[in-house]
Asks: 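Quick one: the structure is below, questions incoming.
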Amino acid sequence: MTCALVLAAIAVSSSLWLTSNVRHAMVGQLTRAESIAASERSAQIGSALDAARARLAVGAALPAAARAVASGDLSSLIPALHEASHGAGVVRMSVTSGDRVLATLPDGTLYEPAGLFSYFVISPSHTHIVITAPIHDAGGAVVGAVNAELDLAGLVPQLVQPFEDEQGSTILAATDGTVLVTNERNQSARVDNPELLELIADGRPGTASFHSSGLRSDRIVTAAPVAGYPWMVVVGADSAAAGSPADRLYRRIQVGLALSAFLAILVLGAAAVSVTRTRRGLLVDRQVAEEAALRDGLTGLLNRRALEGRLAQLRGSDGQIGVIMLDVDKLKEINDSYGHAVGDEALRLAATALRETTRAGERAYRFGGDEFIVLVDGVDQEELARVADRVRVSIGAHEVLGLTRLTAAVGWAFGPAAGIDELVTTADTSLYTAKAAQAVAAGR
């Protein structure tokens, strides 16, 4: 009897110790996953806004914009405004001069921006912001501005996408506590919890735990700043998602002390599965970040790092493969004549042409500078030649902001995948032969 009591006491003590440690470990795992998600979403927001402002600045810097504002005839700018208005998250585009609105697309009233950046129409589901870029005349004087009204939720849709765990939430808030965008249904227009408000106002990465009266639960949240903007991304989850599996562990042990050790192992496994499912939505963002590390930031194509990984795989493989190399003609002249922003737009258009042209079994990479490479599986030499010509024609169908038409030189090579390094060298030589032939033809 005494032995049984001692064993029971040991089992209960062990179960309490295990419960405490499991809960602590699971809370730590949940917090780390939230931190990753908050950091990645803040980076997505900053990148999307920076790209939108860069595109706006390119249009405002064009001499044609200054001439159109000076003359009052915006007919030459309407096509570009119309195309820009179809971009991700774009609600409306406009051109203004002083206090006059010269044109808006689509038709409607654009909120008058205050300075270079402002936001308005704030609600937990939709916040519209306005960004603006000044138009200068030849003397450097500001004669007008190009403005874009953006929907934050449309620009960065991850902000309103729900996590698999219904208690998981994302909030984009200004440092004064104003909620700009959130996927949390019961969130008010302002953060009212003192602990969360203090975390947001601090403007630095951090973690807080508190009780939410609106959600009637204890919360664990992690915040990350959006670089260059007075905003914070807050990712939160119900702490019960981490603690409840440990609580169930103790209750099950009480059912039968004789099976305590066995039940502890089973429930610990079930608890780990439960928390893994809770965190799955957060960990998806980490996978997205790893994918982003293999993408070129300017063009969105696979980058040199991704190419090196693919080449390493091919060196030990069987079969045939085709290599197409190309570079954008006269990129230096475009940069010198119109500026590097227009040159960057030329590279983005070339990447768009590659995405439109490549099919299953064809992977496009930015090789570096103005050079791109396409690896083509499952074709013969004749088909590879047709793919190379298709790529060249597709690039030639694009025009950069109405200023100049893109052209590209293309070279290719076909052979065993195991000799991929030699194929890349051969394709590079073929590319420069094609460029030399183009130069001779142009000289005639």
Side-chain angles (χ1 to χ4, degrees), residues 42-69 72 74-123 125-137 142-160 172 174 178 180-181 226-231 297-298 300 338-342 344-346 348-349 352 400-403:
S42 67
Q44 290 166 349
I45 296 167
S47 298
L49 284 171
D50 289 345
R53 297 180 76 171
R55 287 193 294 270
L56 203 64
V58 169
L62 294 176
R67 290 195 298 269
V69 171
L74 268 68
S75 59
S76 62
L77 297 183
I78 294 301
L81 288 175
H82 181 74
E83 182 177 353
S85 68
H86 289 88
V90 178
V91 177
R92 192 169 288 109
M93 299 291 299
S94 78
V95 178
T96 57
S97 177
D99 59 355
R100 294 183 302 132
V101 178
L102 303 180
T104 60
L105 281 174
D107 293 337
T109 301
L110 184 74
Y111 180 79
E112 183 177 353
L116 294 180
F117 182 79
S118 61
Y119 59 82
F120 71 108
V121 194
I122 299 172
S123 73
S125 58
H126 292 286
T127 292
H128 289 188
I129 65 170
V130 172
I131 57 175
T132 184
I135 300 173
H136 298 88
D137 61 16
V142 176
V143 295
V146 180
N147 314 287
E149 180 181 337
L150 307 174
D151 180 357
L152 274 180
L155 190 66
V156 187
Q158 294 90 339
L159 289 171
V160 293
L172 175 64
T178 302
L180 303 179
V181 182
V226 180
Y229 300 90
W231 299 342
L298 176 63
Y338 305 111
H340 286 279
V342 177
D344 289 345
E345 183 64 17
R348 281 191 286 266
L349 285 175
T352 298
V400 186
L401 299 173
L403 300 173

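The structure displayed is predicted, hence computed values, not measured ones. Heavy atoms only: backbone and side chains are in, while hydrogens, waters and symmetry mates are out.
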Asks: Please report the shortest heavy-atom distance between L403 and V342, naming the atom on each side.
Replies: CD1-CG1, 4.1 Å
Asks: For residues V156 and A48, report the shortest heavy-atom separation together with the two atoms involved.
Replies: CG2-CB, 3.9 Å
Asks: In the structure I gave you, are the side-chain heavy atoms of I135 and V95 within less than 4.5 Å of one another anywhere?
Replies: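 Side chain of I135 against side chain of V95, heavy atoms only: contact under 4.5 Å found.
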Asks: Please report the interatomic distance CG(L49) to CG(L152), rounded to the nearest 0.5 Å.
Replies: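 One gets 6.0 Å once the value is rounded to the nearest 0.5 Å.
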Asks: Any non-hydrogen side-chain atom of V226 less than 4.5 Å from a side-chain atom of L172?
Replies: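 Yes, close enough: below the 4.5 Å cut-off.
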Asks: Do you know the tightest heavy-atom contact between R92 and P106?
Replies: NE-O, 3.4 Å
Asks: Please test V90 against L150 for side-chain contact (heavy atoms from CB on, under 4.5 Å), starting from the C-alpha separation and ending with a verdict.
Replies: CA-CA 5 Å; V90 178; L150 307 174; 3.7 Å; yes
Asks: Would you name the heavy atoms of S76 and A68 that are closest together and state the gap between them?
Replies: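 For S76 and A68, the tightest heavy-atom pair comes out as OG-CB, 4.2 Å.
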Asks: Search all heavy atoms of T132 against all heavy atoms of A145 and return the closest pair with its distance.
Replies: OG1-CB, 3.4 Å
Asks: Grab the two heavy atoms, one from H136 and one from V143, that are nearest each other, plus how far apart they are.
Replies: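 Closest approach of H136 to V143, heavy atoms only: C-CG2, 4.3 Å.
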Asks: Measuring from atom CG of L81 to atom OG1 of T104, what distance do you get when rounded to the nearest 0.5 angstrom?
Replies: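 OG1 of T104 is found 9.5 Å from CG of L81.
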Asks: Could you tell me whether the side chain of I129 reaches within less than 4.5 Å of the side chain of Y229, counting heavy atoms only?
Replies: no
Asks: Tell me whether the rings of H82 and H86 are parallel (<30°), tilted (30 to 60°) or perpendicular (>60°).
Replies: perpendicular
Asks: Is any side-chain heavy atom of L62 closer than 4.5 Å to a side-chain heavy atom of L77?
Replies: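 Answer no - side chains too far apart.
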Asks: Roughly how far, to the nearest 0.5 Å, is the CG atom of L102 from the OG1 atom of T96?
Replies: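 Nearest 0.5 Å value for the OG1-CG distance: 7.0 Å.
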Asks: Using 0.5 Å steps for rounding, measure from the OG1 atom of T352 to the CZ atom of R348.
Replies: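 If I round to the nearest 0.5 Å, the distance is 9.0 Å.
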